[in-house]
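Have a look at the structure below, then the notes.
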Amino acid sequence: MTHEEMEAIVLSFPGVEKGRSYGAPAYKLNGKFFTRLRAEDASLVLQEVSFDEREMLMEADPATFHMTPHYRDYPIVLARMDSLHPGSFRNFLERRFRKIASKSAIKAWDARI
């Protein structure tokens, strides 16, 4: 996935805006962290991933999914942008969207599908 494809997917979710997280460029929804691209390894930070699912993803596709000690205790997985499938990326983001978006935004999102 290219940077342009990634950004188009992220910004397709209603209300998502560019922002900052811990001094780094990020994307936010309702002032809450949505995702970001880690410059140090060109990986996307994906939330709402259980520890079991994270282990399964890293075992099944270690070229894409990985972890750093910083994220070890959080329901997060890192995914290398160049090998992450755009459809999978959208699915991961939809989980986060459903967790932090307003009920009306979720209803509008569901109505357009």
Side-chain angles (χ1 to χ4, degrees):
M1 179 170 45
T2 67
H3 187 273
E4 292 76 19
E5 289 172 314
M6 177 275 296
E7 189 162 82
I9 291 169
V10 173
L11 295 175
S12 73
F13 288 86
V16 172
E17 300 175 331
K18 290 182 181 182
R20 299 195 73 75
S21 177
Y22 297 101
Y27 299 92
K28 293 187 171 191
L29 175 62
N30 297 331
K32 296 179 182 174
F33 180 86
F34 192 57
T35 193
R36 80 174 181 96
L37 178 62
R38 290 170 35 96
E40 54 269 43
D41 59 11
S43 292
L44 294 154
V45 179
L46 304 174
Q47 291 191 308
E48 312 308 328
V49 178
S50 72
F51 298 117
D52 288 341
E53 181 183 11
R54 178 175 73 194
E55 292 303 316
M56 185 273 309
L57 289 166
M58 291 189 309
E59 185 176 317
D61 188 0
T64 300
F65 298 101
H66 65 106
M67 179 60 37
T68 66
H70 174 76
Y71 294 105
R72 176 185 60 232
D73 296 328
Y74 302 97
I76 291 172
V77 71
L78 302 176
R80 291 177 183 88
M81 186 173 63
D82 64 347
S83 60
L84 181 62
H85 186 276
S88 294
F89 181 49
R90 183 179 300 280
N91 290 337
F92 282 111
L93 290 182
E94 186 169 349
R95 288 187 204 177
R96 181 68 178 154
F97 176 78
R98 290 183 179 284
K99 177 101 179 198
I100 63 175
S102 68
K103 289 180 182 179
S104 61
I106 294 168
K107 186 175 180 178
W109 175 261
D110 288 342
R112 73 176 198 89
I113 296 175

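A quick note: this is a predicted structure, and the numbers were derived from the prediction, not measured.
The shortest non-hydrogen separation linking Met1 to Leu44 is CE-CD1, 3.9 Å. The shortest heavy-atom contact between Ser21 and Ala26 is CB-CB, 3.7 Å. Closest non-hydrogen pair, Ile100 versus Phe34, comes out as CD1-CD1, 4.1 Å. Counting all heavy atoms, side chain and backbone alike, Leu78 lies closest to Ser43 at CB-CB, 4.2 Å. Heavy-atom minimum distance, Val77 versus Met67: CA-CE, 3.8 Å.
We find that Glu94 and Arg90 are not joined by a salt bridge, their nearest charged nitrogen and carboxylate oxygen being 4.0 Å or further apart. Here Glu48 pairs with Arg96 in a salt bridge; the nearest charged N to carboxylate O distance falls below 4.0 Å. Between Asp110 and Arg98 there is a salt bridge, since a side-chain N of the basic residue sits under 4.0 Å from a carboxylate O of the acidic one.
Under the 4.5 Å side-chain criterion, counting only non-hydrogen atoms from C-beta, His66 is in contact with Asp41. Using a 4.5 Å heavy-atom threshold, the side chains of Ile9 and Pro86 count as touching. The closest side-chain heavy-atom distance from Leu84 to Phe65 is below 4.5 Å. Looking only at side-chain heavy atoms (C-beta outward), Phe97 and Pro14 come within less than 4.5 Å of each other.
The distance from the NZ atom of Lys99 to the CZ atom of Arg95 is 11.5 Å, given to the nearest 0.5 Å. Note that CD of Glu53 and CE of Met56 are 5.5 Å apart. Values are rounded to the nearest 0.5 Å. For the atom pair CG of Leu93 and OG of Ser12, the computed distance is 8.0 Å after rounding to the nearest 0.5 Å.
By the ring-ring contact (aromatic ring centres under 6.0 Å, His included) test, Phe89 is found to be paired with no residue, residues two or more places apart in sequence or in another chain being considered.
Checked by atom type, the side-chain pair Gln47/Tyr74 shows no donor-acceptor distance below 3.5 Å. In this model, no donor atom of one side chain and acceptor atom of the other lie less than 3.5 Å apart for Arg38 and Thr68. Checked by atom type, the side-chain pair Ser50/Asp52 shows no donor-acceptor distance below 3.5 Å.
Of the possible polar contacts, one joining the Ser102 side chain to the Ala105 backbone as a donor-acceptor pair under 3.5 Å is found. With hydrogens and angles ignored, the 3.5 Å screen pairs no side-chain donor or acceptor of Thr64 with any backbone N or O of Arg80. Between the Arg112 side chain and the Lys107 main chain, no donor and acceptor come within less than 3.5 Å of each other.
Under the 4.5 Å side-chain heavy-atom criterion for Ile, Leu, Val, Met, Phe, Trp and Tyr, Tyr71 and Phe51 are members of distinct hydrophobic clusters.
Around the CD atom of Glu59, the shell of radius 6.0 Å holds no more than 12 heavy atoms that belong to other residues, nucleotides or ligands.
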(message) side chain to side chain contact (heavy atoms under 4.5 Å, CB included) for Leu46 and Ile76? Distances and angles first, verdict last.
(response) CA-CA 5 Å; Leu46 304 174; Ile76 291 172; 5.8 Å; no
(request) Could you please spell out the steps behind the side chain to side chain contact (heavy atoms under 4.5 Å, CB included) verdict for Glu7 and Lys18? (result) CA-CA 10 Å; Glu7 189 162 82; Lys18 290 182 181 182; 3.0 Å; yes
(message) I'd like to know whether Glu17 forms a side chain to side chain contact (heavy atoms under 4.5 Å, CB included) with Lys28, so could you lay out the CA-CA distance, the side-chain angles of the two residues, the decisive distance to 0.1 Å, and finally the verdict.
(response) CA-CA 5 Å; Glu17 300 175 331; Lys28 293 187 171 191; 5.6 Å; no
